[in-house]
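Encoded as structure tokens, the structure appears first; notes follow it.
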Amino acid sequence: MSGTERLDALRARYGASPDPALADGPWNDVIAGLLAHRTVRAFRPDPLPPGILETLVAAAQSAPSSSNLQTWSVVAVEDPEAKRRLSEVARGQRHVVEAPLVLVWLADLSRLGAIGRERDRPTDGLAYLEMLTVGVVDAALAAQNATVALESLGLGSVYIGALRNDPEAVAELLGLPPNVLAVFGLCVGWPDPERPAAVKPRLGQEVVLHRGRYDPALAAGAIAAYDAAMAEFQAGQRMPEVGWSGAALERVRGPESLSGRDRLRGILERRGFGLK
């Protein structure tokens, strides 16, 4: 990648000219690929070749796992009717139906529980919030490894957090046992060149990077600048030009803005999670 292409990649990621320390920092094809990540919501109908799914799972299993407990699983959904029902949970997101493959990533504490029962060993630690946290983190790390792998193969994807709108419906559809939670979905397919996706800008590093100690003060002008960058991105994608901060604050306004996910604690208890 040339110096110009590198600067273009950094400008796309931040919606602004990069800091000189970043522009002159280390660079390689892996970093370039990571910075080029974009959310793909439009897919060609072409099926995925044999071996793709297994390769993505191998990449996912190469991610770190806390204490090597491997407290995650994934369900590969390709059946059109099952994808339609998942789309209903996700409030009709059409890419859930359109993508040839939907991976549902699970925090899975049931496997260790089953091994403990089989060997008559206690597994009381599974009833604590820490273990659910481990499962969620493990699932996220695994899924992101798979995302990096699929993008290296020319595929695209979009995460579907909206499966948490109704975890019990997802559990019933996928036959999930107690102590298993669908954390999110991941639509996978070939990006449709007729409906291209763009790199979405992120907050500037002066907002998210803290050196030595956390600084609660917002960097002067950084949020306003990011709102402007997001509005420009939204205009280019023919989306409502609402910026970032207003939309983010609306999303955290209260329980009514959480799309049913304010019920998650009760659902987790019914699904067998202890949460001590």
Side-chain angles (χ1 to χ4, degrees), residues 4-20 22-23 31-44 86-99 102 140 143-144 147 150-151 155-165 184-210 215-262:
T4 299
E5 290 172 325
R6 172 176 173 173
L7 288 174
D8 287 344
L10 290 167
R11 287 193 190 100
R13 179 49 68 206
Y14 289 106
S17 296
D19 182 280
L22 179 59
I31 296 170
L34 290 170
L35 265 70
H37 166 74
R38 62 202 68 201
T39 294
V40 174
R41 293 185 173 90
F43 299 96
R44 297 183 350 227
L86 289 176
S87 176
E88 290 176 353
V89 173
R91 295 193 170 184
Q93 295 185 48
R94 72 179 188 277
H95 32 274
V96 178
V97 175
E98 188 178 83
V102 178
Q144 187 57 23
T147 297
L150 69 88
E151 289 180 348
L155 294 162
S157 66
V158 54
Y159 282 95
I160 308 295
L163 294 191
R164 296 191 304 278
N165 290 353
F184 46 76
L186 184 69
C187 300
V188 180
W190 302 108
D192 184 349
E194 299 300 318
R195 296 174 287 170
V199 172
K200 183 183 294 183
R202 294 290 195 247
L203 285 164
Q205 291 194 10
E206 67 271 30
V207 179
V208 303
L209 174 60
H210 304 265
D215 180 1
L218 292 175
I223 301 301
Y226 181 56
D227 276 334
M230 275 298 297
E232 182 178 350
F233 166 82
Q234 291 157 347
Q237 293 292 294
R238 299 180 181 179
M239 300 165 63
E241 296 175 41
V242 297
W244 174 76
S245 58
L249 290 173
E250 178 62 23
R251 186 68 178 81
V252 299
R253 173 170 47 88
E256 68 281 0
S257 66
L258 296 179
S259 304
R261 294 175 229 180
D262 53 299

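Position 1 is the first residue of the sequence; numbering continues from there.
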Close side-chain approach of P240 and Q234, heavy atoms under 4.5 Å: no
Point-to-point distance, once rounded to the nearest 0.5 Å, from CG of L35 to CG of D8: 12.0 Å
Gap separating the OG atom of S245 from the CE atom of M230, nearest 0.5 angstrom: 10.5 Å
Minimal non-hydrogen separation, F184 against G161, with atom names: CB-CA, 4.2 Å
Side chains of I160 and L186 in contact at under 4.5 Å (non-hydrogen atoms): no
Euclidean distance, E232 CD relative to D227 CG, rounded to 0.5 Å: 13.0 Å
A90 backbone acceptor or donor facing N165 side chain under 3.5 Å: no
I223 and W244: CA distance, side-chain angles, deciding distance, side-chain contact (heavy atoms from CB on, under 4.5 Å) verdict: CA-CA 8 Å; I223 301 301; W244 174 76; 4.2 Å; yes
Close side-chain approach of L86 and V102, heavy atoms under 4.5 Å: yes
Donor + acceptor pair across side chains of Y159, T147 (<3.5 Å): yes
Under 3.5 Å donor-acceptor, H210 side chain and D215 backbone: yes
Ionic contact status for R195 with E98, cut-off 4.0 Å: yes
Under 3.5 Å: donor-acceptor pair, side chain of Y14, backbone of D19: no
L209 CG to L203 CG distance, which is reported to the nearest 0.5 Å: 12.5 Å
Residue pair V252 / S257, side-chain heavy-atom distance below 4.5 Å: no
From E241 atom CD to F233 atom CZ, the distance as rounded to the nearest 0.5 Å: 12.0 Å
Atom CZ of R238: over 12 foreign heavy atoms under 6.0 Å: no
Candidate pair W190 and L155, rule side-chain contact (heavy atoms from CB on, under 4.5 Å), full reasoning: CA-CA 5 Å; W190 302 108; L155 294 162; 3.4 Å; yes
Heavy atoms from other residues, nucleotides or ligands near CD of Q237 exceed 12 (cutoff 6.0 Å): yes
Main-chain N/O of V96 paired to S87 side chain as donor or acceptor, under 3.5 Å: no
N/O donor-acceptor pair under 3.5 Å between S157 side chain and V188 backbone: no
Min side-chain heavy-atom separation H37-E151 under 4.5 Å: yes
Minimum heavy-atom distance A229-P201, with the two atoms named: O-CG, 4.0 Å
Donor-acceptor pair, side chain of R6 and main chain of A23, under 3.5 angstrom: yes
Over all atoms of both residues, closest heavy-atom pair of D262 and P255: OD1-O, 3.5 Å
Donor-acceptor pair, side chain of D192 and main chain of R44, under 3.5 angstrom: no
R13 side chain to A36 backbone, donor-acceptor under 3.5 Å: no
